[in-house]
Amino acid sequence: MTGLTGLRALVTGGASGIGLATARALAARGAAVAVLDLEPAGMPEPLFAVKADVSDDTSVRAAVDTAATELGGIDILVNNAGIGAVGTVEDNPDELWHRVLDVNVLGVVRTTRAALPHLRRSPHAAVVNTCSIAATAGLPQRALYSASKGAVLSLTLAMAADHVREGIRVNCVNPGTADTPWVARLLAAADDPEGERSALGARQPMGRLVTAEEVAASIVYLASPAAASVTGTTLAVDGGMQGLRPRPAVRP
Ligand code: NAD
């Protein structure tokens, strides 16, 4: 993995799960890292915490500028903050549709919009969005969440096209079900948490959940100079869930 010494990174939703693993991985490779989150108290050294809600444009602009001042600029933006929703297209009220799209889609818009003036000053500018397998595969009970991540996928491509001539690369990662506090909360709410965990693992050809560190390593790659010719791509980190169709094991 290419070193990131001298680069400055901002990670949204960086206080938990994939975002925290990404912030740690970027810092371990030498980047100066700011974490933007709702309540980013107690972040481990050397991460710099900025409090903001990605659904609030004023708070995002202030947090991005604070991070840029603290770090001396922004070269890498990881748009990772996100929330979930469970249900079919019949199940969720309009208010929840507006809320999830506001956080998951407009959150990416707001943070990127605020960071662009800083990214334009960077000789190595990269944006990585945390998308999802839900953007590319039909998952049951995820109508709203999938719609939000489908929008993130399309937005990634559009932003990559808009900013390629400015030297700003834009890519996304598509995790499968990952072992994070988010999924722990979903499992805790299930009637049979262990059975649900096994079912989610079995849905992925590798037979297990993805780790936050595995997703983080992919984000770090896309953000790094090693990926200097990579833009407008999606990188699946899903245990083979999107691309593979293994035959079910034959019972003796
Ligand atoms: P998580 O709940 O562990 O972490 C999400 C973080 O985002 C939290 O720290 C939370 O406070 C923050 N956040 C939420 N709303 C925010 C807001 N309005 N403003 C600022 N910060 C906010 O979740 P995770 O599993 O690490 O998920 C991170 C990203 O990965 C999300 O975009 C999610 O959609 C995506 N993803 C997760 C999985 C999975 O299985 N865990 C799979 C595919 C994609």
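Below, each value reflects all heavy atoms present in this structure, side chains not excepted, and no hydrogens, waters or symmetry copies. Ligands are counted one by one from 1 in listed order, and the atoms in each one are counted from 1 as well. The first residue in the sequence is number 1, and the count goes up from there.
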Ranked by distance from atom 23 (O) of ligand 1, the top protein heavy atom is W182 CE3, 3.1 Å

Applying salt bridge (Lys or Arg N to Asp or Glu O under 4.0 Å) to D57 and not counting sequence neighbours gives R61, R113

Logged contact type for L20 with ligand 1, heavy-atom cut-off 4.0 Å, is neither

Within 4.0 Å of some non-hydrogen atom of D53, the atoms of ligand 1 are 17 (C), 18 (N), 19 (N)

So the atoms of ligand 1 within less than 4.0 Å of a heavy atom of G17 turn out to be 3 (O), 26 (O)

D37 side chain to T12 side chain, donor-acceptor N/O pair below 3.5 angstrom: no

### Task
Show the numbers, then the answer: is there a side chain to side chain donor-acceptor pair (under 3.5 Å) between T156 and N171?
CA-CA 6 Å; T156 300; N171 293 287; over 6 Å; no

Practice item. For side chain to side chain donor-acceptor pair (under 3.5 Å), just list the numbers for S122 and R8, CA-CA rounded to whole Å, side-chain angles, deciding distance to a tenth of an Å, and then say yes or no. Key: CA-CA 9 Å; S122 168; R8 293 86 34 109; 5.2 Å; no

Give yes if a backbone or side-chain nitrogen or oxygen of T180 is under 3.5 Å from a nitrogen or oxygen of ligand 1, and no if not. yes

Logged contact type for V183 with ligand 1, heavy-atom cut-off 4.0 Å, is side chain

Quick look: A212 vs ligand 1, heavy-atom contacts under 4.0 Å, and the answer is neither

Short version for E39: what comes under 4.0 Å of ligand 1, heavy atoms counted, is neither

Q | H118 and D65: side chain donor to acceptor below 3.5 Å | A | yes

Side-chain donor-acceptor pair present, H98, E95, cut-off under 3.5 Å:
no

Below 3.5 angstrom, do we get any N/O pair linking A178 and ligand 1? yes

Ranked by distance from atom 26 (O) of ligand 1, the top protein heavy atom is I18 N, 2.8 Å

* Asked: Between S55 and ligand 1, does any nitrogen or oxygen pair lie at a separation below 3.5 Å?
  -> no

Short version for N80: what comes under 4.0 Å of ligand 1, heavy atoms counted, is both

*Exercise: do S132 and N174 side chains pair donor with acceptor under 3.5 Å*: no

Here the atoms of ligand 1 under 4.0 Å from any heavy atom belonging to A81 are 7 (O), 21 (N), 22 (C), 32 (O)

* Out of curiosity, is C131 lining ligand 1, as in a heavy atom under 4.0 Å away? -> yes

Nearest non-hydrogen protein atom to atom 12 (C) of ligand 1, with distance, is D37 OD1, 3.3 Å

* To do: For the pair D192 and R197, find out whether any cationic side-chain nitrogen is under 4.0 Å from an anionic carboxylate oxygen.
  => no

So the atoms of ligand 1 within less than 4.0 Å of a heavy atom of I83 turn out to be 14 (C), 15 (N)

Apply side-chain contact (heavy atoms from CB on, under 4.5 Å) to L71 and V33, showing your working.
-> CA-CA 7 Å; L71 304 179; V33 182; over 6 Å; no

With T130 as partner, the option from N79, N80, T22 fulfilling side-chain hydrogen bond (donor to acceptor under 3.5 Å, both in side chains) is N80

From the list I18, V173, V128, side chain to side chain contact (heavy atoms under 4.5 Å, CB included) partner of S218 resolves to V173

| Is the closest heavy atom of A134 to ligand 1 under 4.0 Å? | no

Applying ring-ring contact (aromatic ring centres under 6.0 Å, His included) to Y145 and not counting sequence neighbours gives W182

Discussion item. Is there a side-chain contact between L153 and T234 in this structure, where contact means two heavy atoms from C-beta onward sitting under 4.5 Å apart?
Written reply: yes

For atom 3 (O) of ligand 1, the closest protein heavy atom turns out to be S16 OG, 2.6 Å

Among P40, G13, G82, A15, closest by heavy atom to atom 14 (C) of ligand 1 is G82

Of all protein heavy atoms, the one nearest atom 36 (N) of ligand 1 is Y145 OH, 3.5 Å

The closest protein heavy-atom partner of atom 20 (C) of ligand 1 is A52 O, 3.5 Å

Would you say T12 contacts ligand 1, with heavy atoms under 4.0 Å as the rule?
no

Walk me through whether D179 and R208 qualify under salt bridge (Lys or Arg N to Asp or Glu O under 4.0 Å).
CA-CA 9 Å; D179 201 354; R208 62 168 178 83; over 6 Å; no

Atom 19 (N) of ligand 1 has as its nearest protein heavy atom V54 N, 2.9 Å

closest protein heavy atom to atom 30 (O) of ligand 1 is T130 CG2, 3.2 Å

